[in-house]
S.K.: 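Handing you this structure, nothing more for now.
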Amino acid sequence: MMNIVFLGPPGAGKGTQAKVVCEKLGIPQISTGDMLRSAIANQTETGMKAKTFMDAGQLVPDEVVIALVRERLAQPDCKAGYILDGFPRTVEQAQALQSFAAINAAIDLDVADEVLIKRLSGRRVCPLCGAPYHVDRLNGEKNCKVDGTLLIQRDDDKPETVQNRLAVYHEKTAPLIDFYTQAGLLHSIGGNLTLEEISAAILKVLEAKA
Ligand code: AP5
């Protein structure tokens with residue numbers, strides 16, 4: 001059983017890699033970003049609380065996200081392990097997580113800001129299954145390869161919001177690299193390699209820990 005955290009700035013490839021690794025290991029991908037977007041689409045109370053923060057590129061308050069993750073990890077499909085994609089994002093979230101989950105590894109995808117800006121501005125996502133794509137690799141294709149849904153650009157991938165998200169990452173989330181280093185759980189991987197090279201590097205780290 002492996003309980004894994006994926007760290008890294010916006011656009012580092014957490015969602016892309018989490019999908020590949022989860023499929024390989026047969027464990028669920030738990031993306032707080034996807035859960036919050038789905039709460040907004042369903043107009044739930046959590047979604048209404050989260051929307052203003054997300055649209056501005058700010059973090060949703062800790063107590064909202066912690067409650068969401070705690071409830072999700074109690075589901076039976078998490079018993080065999082999971083990947084947390086985008087949680088924790090503050091030291092407070094990481095401390096809360098320690099109180100209700102035993103994390104085996106934290107994988108940090110390390111990518112420079114200028115590369116992230118290019119990736120996010122060209123990103124298109126499937127609004128149904130969340131699969132991420134990049135316009136440079138779509139060859140004009142406009143629909144999701146998994147379910148055929150028309151791809152969209154996320155509201156928070158607009159240039160001004162991307163700058164805010166990066167600033168918030170450096171201030172609030174980057175300190176988690178020290179947090180998980182001190183816990184002896186951190187594995188940093190250069191996220192600037194190809195998709196396949198990164199997947200292989202992550203799987204190698206996880207195999208060595210199994
Ligand atoms: P969330 O949805 O988690 O967004 P994020 O962390 O900003 O991460 P992204 O989804 O933008 O990027 P990613 O690392 O998954 O990259 P991807 O694989 O898509 O969160 C959105 C918002 O929700 C937050 O701003 C916040 O408001 C709120 N929120 C969520 N969690 C929260 C929490 N815990 N606490 C508080 N608030 C929270 O890849 C990006 C692009 O690059 C794609 O086009 C992809 O095809 C391409 N790409 C990926 N890898 C490579 C590669 N190796 N080479 C070339 N291109 C690549």
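All values derive from a computational prediction rather than experimental measurement. Each ligand, and each atom within it, is numbered from 1 in the order the structure gives.
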S.K.: Please list, chain by chain and in numerical order, all residues satisfying side-chain contact (heavy atoms from CB on, under 4.5 Å) with Leu195, sequence neighbours excluded.
M.R.: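 Testing Leu195 for side-chain contact (heavy atoms from CB on, under 4.5 Å), a comparison that skips the adjacent residues, returns Thr16, Gln17, Arg137.
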
S.K.: Atoms of ligand 1 less than 4.0 Å from Gln93 heavy atoms?
M.R.: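 Atoms satisfying the 4.0 Å criterion: 33 (C), 34 (N), 35 (N), 36 (C).
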
S.K.: Below 4.0 Å from ligand 1: does a non-hydrogen atom of Gly11 turn up there or not?
M.R.: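 Distance cut 4.0 Å: Gly11 passes for ligand 1.
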
S.K.: Please enumerate all residues that pass side-chain hydrogen bond (donor to acceptor under 3.5 Å, both in side chains) together with Asn104, with sequence neighbours excluded.
M.R.: none

S.K.: How far is atom 37 (N) of ligand 1 from its nearest protein heavy atom, and which residue and atom name does that atom have?
M.R.: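 Sorting protein heavy atoms by distance from atom 37 (N) of ligand 1 puts Val60 N, 3.0 Å first.
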
S.K.: Need the ligand 1 atom indices (1-based, order shown) with element for anything under 4.0 Å from a heavy-atom of Arg37.
M.R.: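 Taking each heavy atom of Arg37 in turn, ligand 1 has 2 (O), 21 (C) under 4.0 Å.
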
S.K.: Taking the minimum heavy-atom distance to atom 8 (O) of ligand 1, which of Lys14, Glu92, Met35, Lys172 ranks first?
M.R.: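 Nearest heavy atom to atom 8 (O) of ligand 1 lies in Lys14.
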
S.K.: Return the residue, atom name and 0.1 Å-rounded distance of the protein heavy atom closest to atom 19 (O) of ligand 1.
M.R.: Arg123 NH1, 2.6 Å

S.K.: Are Asp157 and Arg119 close enough for a salt bridge, meaning some N to O gap below 4.0 Å?
M.R.: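 Judged by the 4.0 Å cut-off on N to carboxylate O distance, Asp157 and Arg119 do not form a salt bridge.
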
S.K.: Ligand 1 versus Val125, non-hydrogen atoms closer than 4.0 Å: side chain, backbone, both, neither?
M.R.: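 Contact part for Val125 vs ligand 1: neither.
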
S.K.: When you measure from the side chain of Asp55 to the backbone of Asp155, do you find a donor-acceptor pair of N or O atoms at a distance under 3.5 Å?
M.R.: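 Flag not set: sc Asp55 to bb Asp155 has no pair under 3.5 Å.
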
S.K.: Contact between Gly57 and ligand 1, counting heavy atoms under 4.0 Å?
M.R.: no

S.K.: In ligand 1, which numbered atoms sit nearer than 4.0 Å to a non-hydrogen atom of Asp156?
M.R.: 21 (C)

S.K.: Do me a favour and list the nearest non-hydrogen protein atom to atom 20 (O) of ligand 1 with residue, atom name and distance?
M.R.: Arg89 NH2, 3.4 Å

S.K.: Below 3.5 Å, N or O to N or O, backbone or side chain included: is there any such pair between Gly13 and ligand 1?
M.R.: yes

S.K.: Would a distance-only check, ignoring hydrogens and angles, find a side-chain to backbone donor-acceptor pair under 3.5 Å from Asn143 to Gly148?
M.R.: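 Pair found, side chain donor or acceptor close to backbone of Gly148.
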
S.K.: With distance as the sole test, does Thr32 use its side chain to make a donor-acceptor pair with the main-chain N or O of Gly86 at under 3.5 Å?
M.R.: yes

S.K.: Counting N and O atoms only, with roles assigned by atom type, does the side chain of Gln93 sit under 3.5 Å from a partner on the main chain of Arg89, one being a donor and the other an acceptor?
M.R.: yes

S.K.: Hey, which atoms in ligand 1 end up nearer than 4.0 Å to a heavy atom of Val65?
M.R.: 33 (C), 34 (N), 35 (N), 36 (C)

S.K.: Mark up the atoms of ligand 1 that fall under 4.0 Å of a heavy atom belonging to Leu120, in ascending order.
M.R.: 11 (O)

S.K.: Can a donor-acceptor pair be found, under 3.5 Å and without considering hydrogens, that links the side chain of Arg165 to the backbone of Asp156?
M.R.: yes

S.K.: For atom 50 (N) of ligand 1, tell me which residue out of Thr16, Leu84, Leu195 has the closest non-hydrogen atom.
M.R.: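 The nearest heavy atom belongs to Leu195.
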
S.K.: Counting only heavy atoms, which portion of Leu59 has something under 4.0 Å from ligand 1: side chain, backbone, both, or neither?
M.R.: both

S.K.: Return the residue, atom name and 0.1 Å-rounded distance of the protein heavy atom closest to atom 31 (N) of ligand 1.
M.R.: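 Going atom by atom, the protein heavy atom closest to atom 31 (N) of ligand 1 ends up being Thr32 OG1, 2.8 Å.
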
S.K.: For Tyr133, take its heavy atoms, then give the atoms of ligand 1 lying under 4.0 Å from any of them.
M.R.: 43 (C), 44 (O), 46 (O)

S.K.: Find all atoms of ligand 1 within a distance of less than 4.0 Å from any non-hydrogen atom belonging to Arg165, and give their numbers and elements.
M.R.: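 With Arg165 as reference, the close atoms of ligand 1 come out as 4 (O), 5 (P), 7 (O), 9 (P), 11 (O).
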
S.K.: Which of the atoms of ligand 1 are close to Gly15, meaning less than 4.0 Å from one of its heavy atoms?
M.R.: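 Near Gly15, meaning under 4.0 Å from one of its heavy atoms, ligand 1 has 13 (P), 15 (O), 18 (O).
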
S.K.: Any idea which of Gln58, Arg119, Gln17, Lys51 brings a heavy atom closest to atom 26 (C) of ligand 1?
M.R.: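 Considering heavy atoms of Gln58, Arg119, Gln17, Lys51, the nearest to atom 26 (C) of ligand 1 sits in Gln58.
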
S.K.: Applying a heavy-atom cut-off of 4.0 Å, say which part of Pro9 lies close to ligand 1: side chain, backbone, both or neither.
M.R.: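 Under 4.0 Å from ligand 1, Pro9 contributes backbone atoms alone.
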
S.K.: Any N/O of Gly122 closer than 3.5 Å to an N/O of ligand 1?
M.R.: no

S.K.: Which residue holds the protein heavy atom closest to atom 46 (O) of ligand 1, what is that atom called, and what is the gap in Å?
M.R.: Arg137 NH2, 3.1 Å

S.K.: Counting only heavy atoms closer than 4.0 Å, does ligand 1 sit against the backbone of Thr90, its side chain, both, or neither?
M.R.: neither

S.K.: Would you call Thr46 and Val60 a side-chain contact if the rule is heavy atoms closer than 4.5 Å?
M.R.: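 Side-chain contact under 4.5 Å: no.
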
